[in-house]
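These notes concern the structure reproduced below.
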There are 2 protein chains.
Amino acid sequence: MERNTRQRNAILDAISEAGRPLSTQEILAAGQAVVPSLSIATVYRTLKDLTAESWILPVKLPGEADRYEMTQLGDHYHFKCSACSRVFDIHERIKKSNLLVPRDFVIEKYDLILYGRCSECQPKP
Amino acid sequence: MERNTRQRNAILDAISEAGRPLSTQEILAAGQAVVPSLSIATVYRTLKDLTAESWILPVKLPGEADRYEMTQLGDHYHFKCSACSRVFDIHERIKKSNLLVPRDFVIEKYDLILYGRCSECQPKP
DNA sequence: ATGCTATTGATAACTTATTATCAATTAATC
DNA sequence: GATTAATTGATAATAAGTTATCAATAGCAT
């Protein structure tokens with residue numbers, strides 16, 4: 001892209017300020033809070049551009065559409081709340097020595113996805 | 001289902017003998033080796049039935065269609081070869097103490113997916 | 001402020017995986 | 001072997017997410 005538009009800024013701001021991966025619908029809603037006319041087509045277009053320019057990265061969970069987060073977050077994994085469906089970043093690493101595979105298999109990377117209840121979704125005592 | 005058909009037997013045999021999760025196309029190919037007329041519609045129908053009867057389970061990887069494996073395998077995780085695209089079972093566990101999340105987050109379950117090269121797909125030295 | 005053209009918004013089209021349809025086939029019973 | 005209804009095969013239909021289309025809008029340079 002060559003022009004600085006309100007839509008593009010709103011989308012990148014939404015992702016940048018979320019602190020967790022956002023779905024396209026979450027990005028649309030957050031963007032429309034700033035630019036009410038924002039359309040889902042522009043969201044997809046802009047996500048594609050921002051991804052190509054390495055500002056953001058897709059976060060893939062099994063059976064779900066891609067979410068997006070800023071690239072500079074470094075290695076981490078993800079926690080999905082089974083109640084509110086939000087995904088959170090977990091900034092911890094697993095010791096690679098804990099990842100056992102048969103000899104002759106070589107690990108290049110791995111994804112760890114945790115499922116459970118986030119702090120806001122604990123069952124009432 | 002109420003009848004014992006060659007198609008159903010071929011599909012369940014394929015999954016049972018594979019020793020790893022199979023995609024619908026792999027199941028179709030393996031089944032057609034026994035029943036050449038086997039159609040993809042029958043594969044999907046039978047997978048649905050076998051899943052409902054708990055003979056098999058879907059294996060979900062991010063961004064990919066479900067694969068299927070036998071249910072009795074117990075807890076384990078999966079390794080996908082980036083060269084041949086096959087998925088293998090890894091019968092190891094992670095120590096739960098290695099899974100750190102913020103306080104007030106409660107883990108219910110997790111998926112660990114490894115990516116790399118399987119023993120048959122190592123780069124030539 | 002004007003003009004040019006990239007970008008947007010609305011929606012149709014597309015994609016890939018899966019499911020529904022229905023005539024033909026076949027397993028199970030007699 | 002004939003009967004009958006469940007199952008199959010071929011293909012159309014569906015679903016959900018994403019992309020393409022194109023007239024209208026709005027950045028940016030002048």
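Atom set for the values below is all heavy atoms of this structure, side chains included, hydrogens, waters and symmetry mates excluded. Every chain is numbered from 1 and lettered A, B, ... according to where its sequence line falls, protein lines coming before strand lines.
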Does the side chain of B/Ser39 get closer than 4.0 angstrom to OP1 or OP2 of D/dT8 through an N or O atom?
no

Any B/Tyr44 side-chain nitrogen or oxygen under 4.0 Å from OP1 or OP2 of C/dT18
yes

So, the side chain of B/Thr51 versus the backbone of B/Leu47: is there a donor-acceptor pair under 3.5 Å, distance only?
yes

Rounding to a whole Å, what distance do you find between B/Arg8:CZ and D/dG9:C1'?
18 Å

Describe the nucleic acid contact of A/Ala41 in one word from base, sugar-phosphate, nothing, applying a heavy-atom distance below 4.0 Å.
base

Of the options D/dT8, C/dG9, D/dG27, whose atoms approach the side-chain atoms of B/Thr46 most closely?
D/dT8

Between A/Glu108 and B/Ser82, do the side chains contain an N or O donor and an N or O acceptor separated by less than 3.5 Å?
yes

Can you find an N or O donor on one side and an acceptor on the other, under 3.5 Å apart, linking the side chain of B/Arg3 with the base of D/dA5?
yes

Does a side-chain N or O of B/Gln7 approach OP1 or OP2 of D/dG9 to a distance below 4.0 Å, or not?
yes

For B/Gln25 and C/dT18, give me the distance from atom CD to atom P, rounded to whole Å.
10 Å

Under 3.5 Å, is there an N or O donor on one side and an acceptor on the other linking the side chain of B/Arg45 and the base of D/dG9?
yes

For a quick check under 3.5 Å, do A/Arg8 and A/Thr5 share a side-chain donor-acceptor pair by atom type?
no

To the nearest Å, how far apart are A/Asp49 CG and D/dA20 P?
12 Å

Under 4.0 Å from OP1 or OP2 of C/dT8: is there any side-chain N or O of A/Thr5 that close?
yes

Quick one: A/Leu47 CG to D/dG17 P, roughly how many Å, whole number?
14 Å

Give a yes/no verdict on a cation-pi contact between B/Lys109 and A/Tyr115, requiring under 6.0 Å between NZ or CZ and the six-membered ring centre and an angle within 45° of the axis.
yes

Would you mind reading off the distance between B/Ile40 atom CD1 and D/dT8 atom P, rounded to a whole angstrom?
13 Å

Starting at atom NZ of A/Lys48, determine the distance to atom C1' of C/dT7, rounded to an integer number of angstrom.
15 Å

What orientation do A/His91 and A/His76 show, parallel under 30°, tilted 30 to 60°, or perpendicular over 60°?
tilted

Could you give the CG-to-P distance, from B/Leu38 to D/dT8, as a whole number of Å?
9 Å

Starting at atom CG of A/Asp66, determine the distance to atom P of D/dT19, rounded to an integer number of angstrom.
9 Å

